[in-house]
Structures are given as C-alpha cells and as structure tokens.
Amino acid sequence: MKGGVGGFWRRSGCHMRFSVSLLVALCACGPGVNDLKLEAPPVARIRAKVDLEGIRAAGYDGRLLVGLLWAQPQAVPPACRVYADVPEIAAHCSQTFAVKLGVPPLLAPFEPDADGVVELVLQTLPPAAAGVGNARGRVGYGSIIVAADVDSNGVFEPWGAMNQTESNQWTEPDRVVAASFSTLYLPQERVVLREGAWNPLSLFLPLFGCEPPPVGFSRLATTLDLSGGEPASECKFTDLDSVFNVPAISEQVADEMRCSSWVSVVHPDQFHYDPESSEGVCLSGELFFEPAADPCRSPSIVPLAGCHDGRASCDAPDWDVRDQAPDWWPCG
Amino acid sequence: MSRALPIALMACLAAAAPARGEGLPELPGVEGWEGPGSWRLSGALWWTSAVALETGMPLGVVVDGYRRVGKRPVLFGLRLGFARSTEAGEGWALRHDHAVGAAVARVESSHGPGLLYAQFQVGAMAVLERARRHQFERLEGLGIRDVERFAWSIGPWAGFEAGVSVRVRGGLSASVGGGPTMTVQKVDGHERRRWGLLATLGVSHAF
C-alpha cells in the first residue's frame, strides 16, 4: 500500500468521531417494529355457567378443573353393525355416541366470577385434526368440561398417573363431572366451529333436524329426542356471547366419555369361560355375551357361527361350530 | 449470527492465505498489479444481526458502488443492502425486511493478487415488519379481524467492515469481510440502540 492510510485515519479521525456522535444522537422514527413478545388477541371467548350444585350433589366437593374438549371422530365397532338388532349389544354400542376424551385436553383451575360464570379464552383455533373435513370445509364440535382434580395436582389425568414415589402405584383417575356436551343422547350445548363449506351428509356427531351451522364460532343448543323412530331435536344457534350451561353428568356418562367403545368378537375356542366369575348372558342358543367388569374394557361377543373381529358384515361366517359346540358352552 | 461469524472468519482466513503469497496461482496479469481502477461495483451476500428478532439472522444482498479519489487508496461510495429474517413467537409469525442505504468511505491496500480493505459506512436502516397470526389462512377464512399487521421503523445505521479481496480474472475479484454495526430503531414501543455484526461474501469488478 502506498502509505497514507494511517495519515488518512488520523486526519479524518475527528470527522469519524463527529459522525458517530451524531449517529448516536439521532433518533429512530416510525410506529416501531415488534419482537417476539408481541401478544395476540384471543380468537374467541367462551363463558359458561357450571352446575356446581349438581356436582356437589354427586358427592364431589374438591378442586375442579375446566376447559374445552374438541370432540374426536370415533369409529363404530364393526360388531355393532353385525349385531345391531341385538338390544343388549346395541345398548353397549350406544357409547359410541359419547364425546370421547381422546387426547386429554389441557384444563385450567376452575375460577368462576361472582355470578358463577367462568370464562375460557381461546388463543388459537383447534388443530385441523380436531374436526372432520378438509381445507375446503371443516367442522369441529367442542364441549366445555369440568373435571374433578382428585389428587389436586392441577393436571387432568382421566386415566390416573403413575406415582413413582409410592411403589409405582397408579393414582386415582380424574373424572369428568360436568359437560355441556357429553353424548348425543342428552340435551347439549356445543361450541361449533365451521370453516368453509358444509356437508349435509356428514355423520360426525350429526345435527339431526338442524340447519347448517354458520361459518365461524357459534353456540348450538339442542335437545335431542331419540325415543321415537326418527331422531328429532330443536336447534338454536347463537353467537358466543351467550353463556353456556354446563350440567353435571352421571358417572356412567363420564365413563362413556373416558372409555373406548370397542366390542370384541371372539371364537368359542379362544374364549376363557369361568362359570363362577362370569356375568355373561345367553342372547340366543348360538350367541353368548360377556360384559366387561371394568367399564373401560371391551365386552366380548361369542357366537357359535361368526366372523373375525373387524368385519362389518357376516353373511358368510368365518367359523361355524353350531354342530359341535364346546363343552363349556352355557347356552342351550 | 452465531453461525455466520465463524464461517465468515474461516472464509476470511482462507482467502487471506494467498494474499501472503503462499501457493499463489499463476494468474494472468497478476504481476505488477497495483490495485483496482477508479470505479468499483460489488455485490455480495450479506448476513447481519437482527434488529428486533433476536433469534433470527437476516440474510440478503448488498450492492456497493465506489469511486477512487485521487491517487490515494481511498474510495468513497454508496451501499444499498436488503436482508430478511423471519421468526415465530407464541401468537405471530414475524417477517422483518431490513433495508440499508449508507455512504461508504474505504481504504485499501494491495498485496499481489490480494487486497485488504477497511471501510466505514454511515446511513440509515429501515425495518419493515409484516406480522401474521399463526393459522392465518384459517383465521382469515373465518372472518376474524386483526390477523395481519404491518409496521416500520427507520433509524440511523453505521458499520465498520474489514475484509480481503482476491483478484480472480481481469478486474473481477472475490471478497469476504465482516465487522460491527450499530443502529437505533424503535422496537416494542421503545427506542433501542442495537449493536450487531455483519458478514459479506461476494464479488466486485473494478474498471
């Protein structure tokens, strides 16, 4: 380099210092940008009045949790179709109409205001998998649930949790004690989220006799009557400003929400029959039904002529031992 | 920035080695080269520190134009730069476009096919923000408001850059450089002075 650089810096040092001083003194202008702490307004607010008296009357007086459960699509067990005309089996299959817990939602401590109303703030839409449909049209149904926080740990554990400090014992499960929408069979108030087009043929928690829901969030109050031949109901859509009613539910309905609705079809040779402990009943000379002792276990259907579990129809049986029933066969 | 700085330093060292005459390739016209001509135009990839998104490193391009003044190895010119960074927070996906316009004073020293340079640049930086809510398309489809926002900030910007340039062919050379920067911007409702680093990797043509 042909000299001069050091001299240049020495001579221009004064100018540089002046420039830097001027720069520091200058101010930024404009509305200003944001960093990652930028807060987002809620997507929706839901207000609900919980039937606390009903919960107390059912015998729970402890700590409560509250939150929004988005109903998951449920597969109807194929056996429910095969044996749809058998009332005892159909009664169990009615559990498929319950709003299943699936992945337990995150619940918050129940902190109502002076009027007993609790507010749920939704910061995001539910995941697309929480409803049924695609990018052109999707619908999701939410239920406001209240759960008994049995072990008072602030976490909703509907199947209990492993207590590693006490010999790996399972803790008592937290139970849903109130829900605005628990099963299709009961009056219900749903949080409805419709995106895009509506498919009137959708059988996902169907809205019998209702008009299509409006696009966006809405509150649907409906009383469903399945006592007649055709389901009938009164539907009323309102916006989310209306307060949801969250009635207490029975332990049976809570179990329907918590447990799988599966029904197993078992070959007679693979069924372990214990005459002393069995509570099974003969539905016919060829059909034995063993209910599950635990509400969360599948009952068993044992036909002398039947099809492997998973088949939705059984016109041609996979096995037929009607002429050579096993020795233990109790139905005659 | 944490990834860009070591890369830039390594590239700087690698590029500086030939300038010391170790294993120099025989380039036509290298011998007797006394530096570039009066005018210089350069373009480079540009990494710089984010003004507001602390974990997002803006990447973009920068274009410089210089003119040599007199017989001294001093050049004055103009720098225009653009870099973009995107980051997602809890509720929003933020995109920040950084635009810089600065006057540049540069000194350089030729060493065979290589050239060391140092430059000081002072000007202004504009930061343009586009914030979109997560699930933007779904929220927009539902008619929910306030799912997209725009904002901006303009403030003074200054930087120092040192680097090395190696002549490749004719008046074309490849260069790598880096140095500190400083700007004042309005972030999160407050005026903030932000120090940072920049790195460039590019080519220039002297004529």
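In this text, all values refer to a predicted model and were calculated from it rather than measured experimentally. No hydrogens, no waters, no symmetry mates; every other heavy atom, side chains included, goes into these values. Order of the sequence lines fixes the chain letters, A, B, ..., with proteins taken first and strands second; residue numbering starts at 1 for each chain.
Rounded to the nearest 0.5 Å, atoms OG1 (A:Thr222) and CG (A:Leu186) are 11.5 Å apart. A distance of 13.0 Å separates CZ in B:Phe82 from OG1 in B:Thr48, rounded to the nearest 0.5 Å. In this structure, OG in A:Ser143 is found 10.0 Å from CD in A:Glu189, a value given to the nearest 0.5 Å.
Note: A:Phe97 and A:Tyr185 have perpendicular aromatic rings, judged against thresholds of 30 and 60 degrees for the angle between ring planes. The aromatic rings of A:Phe204 and A:Tyr141 sit tilted, their planes meeting at an angle between 30° and 60°.
B:Gln185 places a side-chain N or O within 3.5 Å of a backbone atom of B:Met125 that can act as its donor or acceptor partner. Remark: side-chain polar atoms of A:Asp149 are paired, donor with acceptor, to backbone N or O of A:Gly154 under 3.5 angstrom. Between the side chain of B:Thr181 and the main chain of B:Ala158, no donor-acceptor pair closer than 3.5 Å is present.
Using non-hydrogen atoms only and a strict 4.5 Å limit, the part of residues 38-47 of chain A facing chain B consists of A:Leu38, A:Glu39, A:Ala40, A:Pro41, A:Val43.
Contact annotation for B:Arg149: only side-chain heavy atoms (C-beta onward) come within less than 4.5 Å of a heavy atom of chain A. Only the backbone of A:Pro127 comes within contact range of chain B, with heavy atoms under 4.5 Å apart. With a 4.5 Å cut-off on non-hydrogen atoms, B:His190 does not touch chain A at all. Contacts between B:Ala88 and chain A at a heavy-atom distance below 4.5 Å involve the backbone alone (N, CA, C, O). Only the side chain of B:Trp92 comes within contact range of chain A, with heavy atoms under 4.5 Å apart. Interface remark: B:Ile144 contributes side-chain atoms only to the contact with chain A (heavy atom separation under 4.5 Å). Using a 4.5 Å cut-off between heavy atoms, B:Glu191 contacts chain A through its side chain alone, with no backbone atom that close. With a 4.5 Å cut-off on non-hydrogen atoms, B:Arg133 touches chain A through its side chain but not through its backbone. With a threshold of 4.5 angstrom between heavy atoms, A:Arg194 approaches chain B through N, CA, C or O but not through any side-chain atom.
Of the listed residues (A:Asp35, A:Leu125, A:Leu193, A:Thr124), the one with the most heavy-atom contacts under 4.5 Å to chain B is A:Leu125. Across B:Gly155, B:Ser153, B:Ala131, B:Gly89, the residue that shares the most heavy-atom pairs under 4.5 angstrom with chain A is B:Ser153. Note on B:Glu87, B:Arg138, B:Lys186: by heavy-atom pairs under 4.5 Å with chain A, the leading option is B:Arg138. Looking only at heavy-atom pairs under 4.5 Å with chain A, the residue among B:Asp146, B:Val147, B:Leu94, B:Leu53 that has the most is B:Leu94.
Around atom CD of B:Glu90, no more than 12 heavy atoms belonging to other residues, nucleotides or ligands sit under 6.0 Å away.
Here B:Arg106 pairs with B:Glu108 in a salt bridge; the nearest charged N to carboxylate O distance falls below 4.0 Å.
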- Task: Determine, step by step, whether B:Ser204 and B:Ser175 satisfy the side-chain hydrogen bond (donor to acceptor under 3.5 Å, both in side chains) criterion, reporting the C-alpha distance in whole Å, the side-chain angles of both residues, the deciding distance to 0.1 Å, and the verdict.
- Result: CA-CA 7 Å; B:Ser204 65; B:Ser175 64; 5.1 Å; no
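Using modelled atom types, one finds no donor on one side chain facing an acceptor on the other under 3.5 Å when comparing B:Arg194 with B:Thr183.
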